[in-house]
Amino acid sequence: MPVSRLHYRLTPALHKRPGKRCTAMPDPDTPVIKTRFAPSPSGHLHVGGARTALLSWAYAKGRGGRFILRIEDTDQKRSSRTAMEGMLRDLRWLGIDWDEGPEFEDCGGGDNGPYFQSERLDIYQQYLDQLIVEGKAYYAFETAEELDAKRADARQRGEPYRYDRAALDLSLEAVNQYRAEGRPAVIRLLVESGEITIHDEIVNDAIIPAGELDDFIICKADGYPTYHFAVVVDDQLMGVTHVLRAQEHFKNTAKHMLLQDALGFRRPTYGHLSVIINPDNSKMSKRDKDKALRAAARENGMTESPTALIPQDAFAAWLKNKDQQLELNQAVVLADVLGIELPEIDVDDFRRSGYLPEVLCNFLALNGWSPGQDIEKFDNAFLIERFDLNRVNKAPAKFDRAKLLSFNLDALSEMPEDDFVQRVLAHAREFHPEFAEQFTDEQLDLIARCNKARSKTLNDPISESTFLLTADEAIEYQDSKPIRKAMHKGDGHRHLAAVRGLLEALDPFTAESIEDVLTQYAQQHTDGKLGVVAQPLRIAVTGTTVSPPIYDTLALLGRQRVLARIDRCMSLRVGLPDEPIRSTEP
RNA sequence: GACCCCAUCGUCUAGUCAGGUCAGGACGCCAGGUUUUCAUCCUGGAAACACGGGUUCGAAUCCCGUUGGGGUCGCCA
């Protein structure tokens, strides 16, 4: 490692640009780096959010700093406790912990709480009052509908919409009277005109021209602060020094700067990460699954809920409102009915699909950041040690699932066999209990073990084992070239007949004993070529040319089922040319 | 549309800040080889500095323009 980099790691403060030092740190002599992740608990934690959390966490941890988790639940309609808990679980699963925040497992607590914005309303109120008293903010009484109409008007005229400040013309008496009457009111920040320069540690500084920002709302009619207001107050009070967030927030930063100035707050350092995009270049969003489902439902002319899991009225509402998200189990069923694959978007999707958390972290960090020196595989400890804002990429990155899968495969194959087995079993019990309960522990162990070399995910041993659960008489034999080759050209049926007898007599019937008898047979009858006999057997017992090693495959099925399947395969003349009598070309 | 950001193989990227190696790696793809199937594994290959102007002895690298891509334009966050 270059000396300079080591030096940087040990003394990060020396390398900060002087101009970016915060002006009002609590104690300038011991500046503790503090980052935060502040999710809104609606829906699941998606990979973009997970990456932001991971990098924010690594940034603080690598500099002796603290990482804060704050729950931004100021949207009463969309926030839910279930979603919040899911996010905490997903973060912990990724190996991200937080020094301050909601208490969960061994994380959380802290002196700057509460860490739920919905519990900080009185704090926001103080600052709101302050701005009102100082004349820096004002009440406005337009309804959401009125504003929508004005926006639509402006749009039709091809003009950008800005709030017209009609409320500023109201006399103090009128405002007081309206408020006394209990008219719904929002509070808007009085925005001084003037251009705003956003400083950023990742992308270039940007100048937002004067007049771009209007008097935006800082407190909603329900009394809850808007995101902009809560975030600014909390970052100040919680001592956040560095804000890493997605580039979709870039312009919001100007609003936040305005608020910081109005409130007399210091300014954290900002770094805006590029967004992660889909193969079609659209922003990867937590709404993508619902988007795909809605599109498919419309295409199929589906107007009623096809499942009891989704009530009719809920379905109709969901179909109309693109902001609504189905629960995962509802989405899965609907996708099944519509015959589409749900895109993997959320951390939970990848967990369910059998990706390793350490691989996901590695890959997420690599999406938009690189340690250089052709290093690609690393763990979170390395990330903490090396992560640095000036190596972050500015351009949006596509999420390359093929590469993620390859990383996962590599990690699985490097894993000690016993670890792999344990993780597959845990995965099966959590996500496929109906599968797991069909087998004894011993069988499950073997299923995992014999699939290790060929698994790309923890889910593969399960998804590749359906032939074990199929009834003997329900095995479907496809008609394919490799099957015909093995059964007809390779004289498979003759080998089947021969081996059948050996297997019937075999005792005990284990992978080891099967291996002995099959290799012996191959030596004697097929010139040592095991494939000539293994493929017909594989086809006979699974219906396909692909399965775990043949000895394990047979051992897992057990003697009886193996014999029954061989018999049926032979009597169906699988892979042999059709009888001449078989009829009729169309 | 307006405002802002961005631009190296199909994809993720190294190289750009301090201009000077046939532009490096990985995933994917193609061709061989190993293997009881698949998956691995091994060998080889095709594959990029968006375009146009400058500056310079010299530009992927610096400047300008064009084009293209992304983000934002909510009483969502």
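All values below were derived from every heavy atom in this structure, side-chain atoms included, with hydrogens, water molecules and symmetry-related copies excluded. Sequence lines set the chain letters: A, B, ... in the order given, protein chains first and strands last, and positions in each chain run from 1.
Looking at heavy-atom distances under 4.0 Å, A/H249 makes contact with a base. Note on A/I539: nothing from the nucleic acid sits closer than 4.0 angstrom, heavy atoms only. A/N393 comes within 4.0 angstrom of sugar-phosphate atoms only, judged by non-hydrogen atoms across all strands, and of no base. A/R188 comes within 4.0 angstrom of no nucleic acid atom, judged by non-hydrogen atoms across all strands. Residue contacts shown for A/E159 are absent, as no nucleic acid heavy atom lies under 4.0 Å away. Residue A/A206 is in sugar-phosphate contact alone, with no base atom involved, counting any heavy-atom pair closer than 4.0 Å across all strands shown. Across all strands shown, A/V275 has heavy atoms under 4.0 Å from sugar-phosphate atoms exclusively, and none from any base. Contacts of A/D222 with the nucleic acid, taken as non-hydrogen atoms under 4.0 Å apart, are absent.
Note that A/R449 lies outside the cation-pi zone of A/F420, set by a 6.0 Å cut-off to the ring centre and a 45° limit from the axis.
Exactly one residue among A/F229, A/Y227, A/Y270 makes a ring-ring contact (aromatic ring centres under 6.0 Å, His included) with A/H256. That residue is A/Y227. Partner of A/F363 under the ring-ring contact (aromatic ring centres under 6.0 Å, His included) criterion, chosen from A/W369, A/F378, A/F399: A/F399.
Considering only side-chain N and O atoms, A/R151 lies under 4.0 angstrom from the phosphate OP1 or OP2 of B/C75. Within the structure, a side-chain polar atom (N or O) of A/R391 is placed less than 4.0 Å from OP1 or OP2 of B/G15.
Spacing between B/A31 and B/A39 at atom P, rounded to whole Å, works out to 14 Å. The separation of B/C27 from B/U40, taken at their P atoms, amounts to 11 Å, rounded to a whole angstrom. Between the P atoms of B/G19 and B/A60, the separation comes to 14 Å (whole Å). Nucleotides B/A7 and B/C12 place their C1' atoms 15 Å apart, quoted to the nearest Å. Straight-line distance between the C1' atoms of B/G44 and B/U21: roughly 24 Å, to the nearest whole Å. Atom P of B/C38 sits at a distance of 37 Å from the matching atom of B/C49, rounded to the whole Å. Taking atom P on both B/A50 and B/G69, the two are 15 Å apart, rounded to the nearest angstrom. Rounded to the nearest Å, the gap between the P atom of B/C63 and that of B/C6 is 11 Å.
Side chain of A/K394, nearest nucleotide from B/C6, B/C75, B/C5: B/C6.
With hydrogens and angles disregarded, a donor-acceptor distance shorter than 3.5 Å links the side chain of A/R538 to the backbone of A/P548.
Summarising the base pairing, B/A46 is matched to no nucleotide, lacking a Watson-Crick or G-U wobble pair whose two defining distances lie under 3.5 Å. Remark: B/U11 base-pairs with B/A26. Criterion, Watson-Crick or G-U wobble with two distances under 3.5 Å.
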Fill in the blank from the handout: Protein heavy-atom contacts under 4.0 Å, written 5' to 3' over nucleotides 22-43 of chain B as B (base), S (sugar-phosphate only) or - (none), form the string --BBBB--------BBBBS---
